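These notes concern the structure reproduced below.
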Amino acid sequence: MKYDHKQIEPVWQKKWEDAGIFHAEANSSKPKYYTLIEFPYPSGQGLHVGHPRSYTALDIVARKRRMQGYNVLYPIGWDAFGLPTENFAIKNHVHPREVTAKNVARFKSQLQALGISFDWSREINTTDPKYYKWTQWIFLKLFEHGLAYKKEMAVNWCTSCKCVLANEEVVNGVCERCGSEVVRKVKSQWMLKITAYADRLISDLDLVNYPERVKAQQKNWIGRSTGAEVDFTTTTGDMLTVYTTRPDTLFGATYMVISPEHPMISKLSSVIKNMDEVRQYQEAAARKSDFERTEVAKDKTGVRLDGVEAINPVNGKQIPIFISDYVLVSYGTGAIMAVPAHDTRDWEFAKKFDLPIIEVVKGGQDVQKEAFTDCATGILVNSDDLNGLSVEDAKKKIIEKLTETGKGRAKVNFKLRDWVFSRQRYWGEPIPIVHCSCCGAVPVPENELPLELPDVESYEPTDNGESPLAKMTEWVNTKCPKCGADAKRETDTMPQWAGSSWYFLRYMDPHNDEALASPEALNYWAPVDWYNGGMEHTTLHLLYSRFWHKFLYDIKVVPTPEPYAKRTSHGMILGENGEKMSKSRGNVVNPDDIVNEYGADTMRLFEMFIGDFENAAPWNSNSIKGCRRFAERFCGLTALMIDGDNIRPELEGAFHKTIKKVGEDIENLKFNTAIAALMSLINDIYASGSVTKGELKIFTALLSPFAPHVAEQVWDECKLGDGFASVTEWPSYDENKCVDDEIQIVVQVNGKVRDKMMIPAQIDRDSAIAAAKNSDKIKALIDGKTIIKEIYVPSKLINIVAK
RNA sequence: GCCGGUAUGUCGGAAUUGGCAGACGAGACAGACUCAAAAUCUGUUGUCCGCAAGGGCGUGUGGGUUCGAGUCCCACUACCGGCACCA
């Protein structure tokens, strides 16, 4: 058969779509299987060669499951709200909706050319009002349950553009666009109380099949720590509460640090003598990101509050109070007690400001030279009745004591912060809230959803930091749904995370106007059986969508506590030079060029063969030729075909082993070795000089998830079976035929390989060792020596230790 | 900096989880076919010593455990992902 990919690929893509063989069945008695990839953001650059890595991998899984008799849901959609589209629209004076439509059309045609078995009848788009109606509905439910609230938060503010910037738009403390200074400005923002779910987001990781490294990332991000709050009083009679994970070291606290934003500072401004210096420091700190501030390597800075001191509740000692930017207002209480002897950051600060270092846990180095932070081995000293206790026991005892005296309490803290949900942008879902001067924040009634984005001429940011929507006075001015008085709409929009936090539910029932999905559809399809995505999404997106799903579970909208039963992740595809692909580096590979030159099947094979799926792999335009040759050799088999429904005896072992390996490798994401096994098998077939029709049928079925077009073509031309190769039955194997009768065993002397021999697979230990000793090579090596030990690993090796 | 990864021939990678390091593919070299080239086919290809038989060395670095370590332990180095308004 002549292999002309340009001719055959569009033909099969059309036949599949016309026959609808990849459409998930709505009412089916078959078992279901839901495979999911992260839906793409339709960027202006078009599809990246990284996208098909994940899509092809789960396409292989989806296709195999169909062949195994499952009703498979493998959907696709567009995560189309977002900053780059909006910025492009502003720059080029086109509506973001038009930009999005154009980008989606391009992505769609690129994806369709790859022959991925998506169910296109369920395509969704987060910017479609019929979709974001339900994003808004979920927000209203969160609001109703007290999980959405407003709070003053710091945002990045460009002093020249006069607009709020995303972190990504701040480069080295200046605005990416104009290069002006960026400061932190306080604004009232919508927040979602994800912290209310912190414990469950950790504990329910036990219910799901995620890689350990992903679970570890989630746990570390949530950052549960147990410790205590301790109330210090000040010399002015005020109270300062600190959070500490080491309450056992309370006697070693030699000073206190509060964050530059701590409310206590303005409260005490009349008492603090060096207020000018303090204000200066606050301004400097406002310019830094949390990331810069907590960097341990950098020099510690701070200002001592002159005129006020704190009093240690356990020993009445007066200690100085500093402000320093290494303490964050957003974690704990925004104030810490500093124990330089047993905390590295405090130690560095104490050295710099020449503060006393008091050892309270013995067992480590000299605390004047280095902080001793190990909790497992130390014994308490210099701490009154805690003396002699272990760190663990001391923690318990001091917390008991603090609780009794009302000066503290046990406290669990999370690093996880509530989710800042407001964006001062146009291209996002409007937050469906009306602000009324007498009723406060009032939800838009459900029957008025979707609250559509107004069609406007200009979506440039306003110069006071409000969303562009604030300028649409007709849209903004409305009546309060509760009391009917004049009121104003919320003008902030939702972040891109919103639409992507629940999209997998919409696929189950994408055209439903009555609910985000029907209970029947949810009960049948939930949860997602296998979700694959990038490592770069394992903290935020995964956490946000698990949070929304848990909330929907609590209000009985969805039937399962976790959205994804299994999560896997793929490595990035890098440029040929081993660096991340980017326009500026000039190392971008366009998938269209590859499909055009080599065909979609070769592209798919290569993306799977390129390396370990879970690791990053550099693109190589040479290696792709090997995959093309493999596809051609597969076509070449048609010329070698002979009659016969069975596998010939000399190839039986090879076939059964390959069926087993390909099946297992797909389940374990080892696509590269699955393809290698198919390549080895085709080499064996060529070596035999011919292929029976039965052998070709099995080979074609095994190959079809990887290279579906060429498989379909051979299936059709050679009349290998009825219907489509894509939905034929997945081949089965016989375990007994996967083991050889005679196997090669390695003989080592003192751990070095000295001989290899063929032995029957069923041989016992003594006969195997006797056979080994009988070999001339081995005889020569052990002759005259004492045998100390003989190790026999069945069907692998024999090691003779001789002296 | 913190959290999570990764490191094997010229290159991408493989190694049944502690048991033959380098499967499969690319590249290179040699040969066949060809007027020639491409394509295709056959062979060689970690490295050092040796005519050969054979032997030494070899999985980022340094140490350790073991009959046996790419795989386990300790200490490092380099690179990659995430760090909350990119998604």
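Chain letters run A, B, ... following the sequence lines, proteins first and then strands; every chain starts at 1. Every value quoted in this text rests on a predicted model; they were computed, and no experiment measured them.
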Whole angstrom value for the distance that separates P of C83(B) from CD1 of I222(A): 16 Å
Centroid-to-centroid, W419(A) to Y544(A), below 6.0 Å? yes
According to a strict under-4.0 Å criterion, is N672(A) in side-chain N/O contact with OP1 or OP2 of A14(B)? yes
Can you find a donor-acceptor N/O pair under 3.5 angstrom joining the side chain of N220(A) to the base of C3(B)? no
side-chain N/O R754(A) vs G54(B) OP1/OP2, d < 4.0 Å: no
Rounded to the nearest Å, what distance is computed from the CG atom of residue N615(A) to the P atom of nucleotide G13(B)? 8 Å
Side chain of Q189(A) - closest among C85(B), A21(B), A84(B): C85(B)
Counting only side-chain nitrogens and oxygens, does N683(A) get under 4.0 Å of the OP1 or OP2 atom of G25(B)? yes
Look at the side chain of D740(A) and the backbone N and O of I743(A), then say whether any donor-acceptor pair between them is shorter than 3.5 Å. no
Is a donor-acceptor pair below 3.5 Å formed from side chain Q217(A) to base C83(B), judging by atom type as modelled? no
Do the side chain of E614(A) and the base of G5(B) come within less than 3.5 angstrom through a donor-acceptor pair of N or O atoms? no
Determine the stems involving RNA chain B; a stem requires 3 or more consecutive pairs of the Watson-Crick or G-U wobble kind, each with both distances below 3.5 Å, and the answer is none if no such run exists. B:1-7 with B:77-83, B:10-12 with B:24-26, B:27-32 with B:40-45, B:46-49 with B:54-57, B:60-64 with B:72-76
Under 4.0 Å between a side-chain N or O of R213(A) and OP1 or OP2 of C3(B)? no
What's the CD-P distance between E212(A) and G5(B), to the nearest Å? 10 Å
May I ask you to verify if any side-chain N or O of K625(A) is less than 4.0 angstrom from the OP1 or OP2 atom of G12(B)? no
Does OP1 or OP2 of G27(B) have a side-chain N or O of R629(A) closer than 4.0 Å? yes
Check: F139(A) ring centre within less than 6.0 Å of W548(A) ring centre: no
Has K789(A) got a side-chain N or O lying under 4.0 Å from the OP1 or OP2 atom of C67(B)? yes
Check this one for me: any side-chain N or O of R633(A) less than 4.0 Å away from OP1 or OP2 of C41(B)? yes
Answer yes if the ring centres of F634(A) and F699(A) are under 6.0 angstrom apart, and no otherwise. yes
Aromatic centroids of F504(A) and Y564(A) separated by under 6.0 Å: yes
Can you see if the side chain of N156(A) gets near the phosphate of C85(B) - specifically, an N or O under 4.0 Å from OP1 or OP2? no
Tell me if the centroids of the rings in F606(A) and W619(A) come within less than 6.0 Å of each other. yes
